[in-house]
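First up is the structure itself, then whatever we jot down about it.
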Amino acid sequence: MTDKSDGIDEESGALPSRRVVLALGAAAASTVVTIRPALAQTAGSVLNCEIPVPAPQAGAGQFIAADGTLVPAGTAGAYPPLARPLKGEEVRAMLNSGRAPAGVDSQAAQAYANYIRRLQAGMSGFTCYASLQMPR
Amino acid sequence: MRHDFRLQVGPVSFRIGSQWRQPVAALRRLYAGYPEPEGVCDFTVRLEAERFWRRWLRPSVAIRGDYVLPDAAPLPLAQGLLAAEMGMNLQMALGQKRFLLLHAASVERDGRGLLLTGHSGAGKSTLGALLGERGWRFMGDEFALLGLEDGLLHPFPRAVSLKNESLGLLGGIDPGRLGPVLTGTPKGRIRHLRPNAEAVARMGEPARPALILFPRFGRDLDPAVREVGAAEAFMRLTQASTNYVALGESGFGALTRFVGTLPSKAIDYADTAQAEALIDGLWAEA
Amino acid sequence: MAASLYAADPPETIRTAEVEGLTLLYHRKSGLTHFLAPPAPQILAALAGGPASASEIASRIAKTFDIESEDPAAAIGARLAELEAAGLVWRT
Amino acid sequence: MKDARPLVRLLADPASAVQVKDWTSLIALARAESLSGSLAWRLRGLDLPPRVEAMLEAARRDGEAARVQALWEAEMARRALAPLGVPVILLKGTAYAAAGLEAGRGRSIGDLDILVPRLALPDVERALLAAGWEWVKEDAYDDQYYRRWMHELPPLIHRERDRMIDVHHAILPLTARPKPDMEAMIEDRSPLADGLFTLSPPDMIVHSAAHLFADGDLAGGLRNLWDIDRLLREFAERDSGFWPALRERAARHGLGSAVGRAIRLAHHLYGTPINRCQAPISKPLNSKERSRSKIGARHQLTAGWSGSKAPDIFFERRLLARDGWGRTTRPATRLGFYVRSHWLRMPPAMLARHLWVKARRKG
């Protein structure tokens with residue numbers, strides 16, 4: 001399909017006829033970017049969200065180590081689960097400026113922030129976390 | 001449900017049901033003068049208690065409906081109007097498949113549309129509302145609807161949610177157009193503004209898009225304009241769209257045509273007077 | 001071990017738009033949009049002639065372009081890995 | 001709308017669409033039951049109000065996007081697993097879509113479900129992890145529980161595409177009372193064009209019925225029963241030997257009662273025709289007769305597929321428990337089925353232990 005009035009040339013993989021130089025680039029360079037579904041920009045308008053730490057299905061009752069992984073309750077150097085879920089705004093402040101939520105000491109907040117960074121789709125809090133990751 | 005309200009906004013209609021009277025009463029006041037949907041409603045929103053006793057005891061409003069997201073937290077009943085607004089936004093973000101949905105404000109002049117898009121805090125809501133009071137027709141502050149076949153911008157003039165300081169900028173607004181002051185919301189202290197009579201009366205009239213702007217607000221920024229190439233515009237708009245991927249090839253066709261035919265610029269501004277001057281200048285060239 | 005042969009979907013199953021030297025590609029089979037920088041689109045075009053190894057792809061491309069690379073097969077191999085992860089090429 | 005009956009009636013009899021007054025409630029119901037795409041296909045070509053038609057058209061487009069995405073996920077799994085040389089059998093919605101079955105039309109499809117031989121599990125797990133899938137859960141108890149007792153691996157999610165895959169080696173938890181013959185099921189698989197497989201037609205019904213009545217709490221049951229209706233009609237049309245084959249397979253897998261219940265309920269709610277030789281039924285009842293018919297009468301009509309204890313009416317009440325706002329209703333019935341689902345999955349002592357561990361973790 002070609003329609004010059006579009007301002008964008010649509011074609012189907014045809015090679016240009018003139019001889020041009022093609023740089024193949026360094027092995028580590030990236031040449032493919034896939035567009036992924038986006039909700040982040042609108043999340044503030046559609047969702048009043050919160051993140052349980054940890055997510056019940058990931059293992060409620062377990063402690064959170066400094067690197068954010070879950071460890072058995074009582075592990076030395078790890079922090080107990082939070083009694084209440086964190087509000088979106090608290091998480092944003094914690095991730096962006098390291099500000100600890102009310103009633104949480106700053107080292108524990110670091111561990112909780114790391115836990116949140118490791119959240120994956122399918123776990124409680126992931127949608128909320130994804131929505132808070134604003135570029136800039 | 002015990003209380004309900006139906007609302008037509010541009011080409012989209014909502015049915016909102018509530019277990020409490022207050023949110024529906026607030027909606028009726030805010031959307032006074034809007035047409036009643038004819039026949040079927042596109043989306044159902046439900047405002048209901050998270051647990052049944054929470055209907056009376058420290059009542060909190062869970063936002064539910066045709067489409068829901070995990071991790072959603074309820075809002076206190078005093079913010080029921082905001083819950084209804086979020087509920088409608090949620091249905092649009094997840095369920096709208098008839099238009100390419102862009103997180104953008106839009107206004108119209110002489111049948112041509114201007115689109116303002118950017119992250120929250122970029123000021124698109126405020127700018128959209130401001131232009132809507134200064135001779136442009138307000139088409140929406142939250143979502144712009146791009147027709148998949150016709151390539152037109154379709155109006156979606158919902159109430160605008162404004163922070164108190166933004167409200168001051170508009171000046172001389174008829175108090176009858178304002179909703180209640182909502183404090184302590186996730187967005188701070190806000191108030192809703194009903195679009196003016198022209199915006200409501202012409203909600204059925206689409207506009208041909210003419211210019212895309214990516215505004216950026218910062219008190220320390222010098223006013224500036226930068227060209228945005230079609231590639232960057234495409235990328236940024238896919239990130240501003242909740243349904244681009246879901247629409248498949250029709251979304252690809254609509255968006256490549258859109259960024260291919262329209263000029264796009266990024267503008268920096270430190271106050272709304274600067275923004276207005278920049279927009280007027282760019283509009284004259286577009 | 002013989003070098004892997006790569007294959008790609010036929011050109012009529014994708015739709016592309018050229019934007020500022022980059023290629024926007026809609027892949028009908030997956031419903032996904034990819035943004036491609038050179039030489040990724042040229043690799044896909046080369047595979048329109050049938051499955052090929054990395055070095056065969058390099059020589060097909062060299063028929064049309066002057067290739068600028070110290071080790072074309074390795075550079076193409078790295079690009080192929082990216083295209084494979086995106087599902088645009090696969091090993092036969 | 002007090003319950004989901006209007007939706008069921010419309011699916012069974014699309015011509016009755018002209019009498020629909022409250023489309024808003026009907027569509028809210030269909031969305032809540034994940035049946036909006038199926039309904040949109042079912043009503044295609046009818047003369048409906050333009051706004052309704054526009055919504056149905058959008059639902060069809062959405063269903064098409066879901067189909068593309070599901071088949072793509074299956075293809076990516078195929079590519080990851082092809083070097084192993086083990087049979088990969090698609091299950092549920094992805095299978096219906098891949099096989100081009102009527103049941104796949106407009107169907108919402110969530111996770112990718114595949115079935116592989118149990119012995120191949122470790123290799124499959126390794127290959128998926130190498131191809132970008134990751135564990136969703138980190139919990140050791142859950143992991144151990146899954147591996148010891150469940151019919152599938154703990155769920156995996158693809159880190160780029162954000163899609164989940166459930167890798168099954170059986171169709172029911174190992175703790176459930178029926179013990180389907182998985183070897184026979186895998187042996188009898190049907191090939192697809194691209195090297196993947198589906199279950200054989202009778203086993204597809206057996207799996208769907210097992211999933212509906214011997215495993216879950218019937219959430220989303222109307223959609224599953226709609227699958228069963230579509231599959232039964234299509235398979236019976238295609239192959240005159242289908243009904244006896246189904247009877248034989250259901251018995252072999254110890255799931256005759258679940259399959260019988262599925263057939264009776266599909267017949268009752270969606271008017272699925274039942275083969276005369278299998279059940280002494282001369283003509284499908286019209287909707288009025290159907291809604292009047294009593295449980296006893298129904299048992300008689302579909303005799304040969306009876307043989308379970310709880311009356312169908314409880315299942316029907318559970319399946320229809322949703323109102324025109326999309327809200328769930330009949331909480332007591334729902335709770336009953338929730339408890340039943342756990343009961344079916346595990347012997348009592350194990351259930352107690354399981355609930356104890358879960359409860360302690362919540363505390």
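Chain A is the first sequence line, chain B the second, and so forth, proteins listed ahead of strands; every chain is numbered from 1. In this text the structure is predicted, and so the values were computed from the model without any measurement.
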By a 4.5 Å heavy-atom criterion (distance strictly below it), what part of Ala30(D) contacts chain B: side chain, backbone, both, or neither? neither
According to side chain to side chain contact (heavy atoms under 4.5 Å, CB included), who are the partners of Ala99(D), at least two apart in sequence or on a separate chain? Leu101(D), Leu192(D), Thr198(D)
By a 4.5 Å heavy-atom criterion (distance strictly below it), what part of Ala32(D) contacts chain B: side chain, backbone, both, or neither? neither
Between Ala65(D), Gly326(D), Ala66(D), the one whose heavy-atom pairs under 4.5 Å with chain B are most numerous: Gly326(D)
Taking only residues two or more places apart in sequence, or in another chain, which ones meet Phe156(B) in a ring-ring contact (aromatic ring centres under 6.0 Å, His included)? none
Across all chains, not counting sequence neighbours, the side chain to side chain donor-acceptor pair (under 3.5 Å) partners of Glu232(B) are Arg226(B), Arg236(B)
Find the N and O donor-acceptor pairs between chain B and chain D that sit under 3.5 Å apart.
| residue | atom | partner | partner atom | Å |
| --- | --- | --- | --- | --- |
| Ser13(B) | OG | Arg51(D) | NH2 | 3.0 |
| Arg15(B) | NH1 | Ser25(D) | OG | 3.1 |
| Arg15(B) | NH2 | Gly324(D) | O | 2.8 |
| Cys41(B) | N | Thr24(D) | OG1 | 2.9 |
| Asp42(B) | O | Arg31(D) | NH1 | 2.6 |
| Asp42(B) | O | Arg31(D) | NH2 | 3.3 |
| Asp42(B) | OD2 | Arg51(D) | NH2 | 2.9 |
| Arg46(B) | NH1 | Trp325(D) | O | 3.0 |
| Asp66(B) | OD2 | Arg31(D) | NH1 | 2.5 |
| Tyr67(B) | OH | Arg31(D) | NE | 3.3 |
| Lys97(B) | O | Arg61(D) | NH2 | 3.0 |
| Lys97(B) | NZ | Asp62(D) | OD1 | 2.9 |
| Lys97(B) | NZ | Asp62(D) | OD2 | 3.0 |

Which atoms of Pro37(B) come close to chain D, meaning under 4.5 Å heavy atom to heavy atom: side chain ones, backbone ones, both, or neither? neither
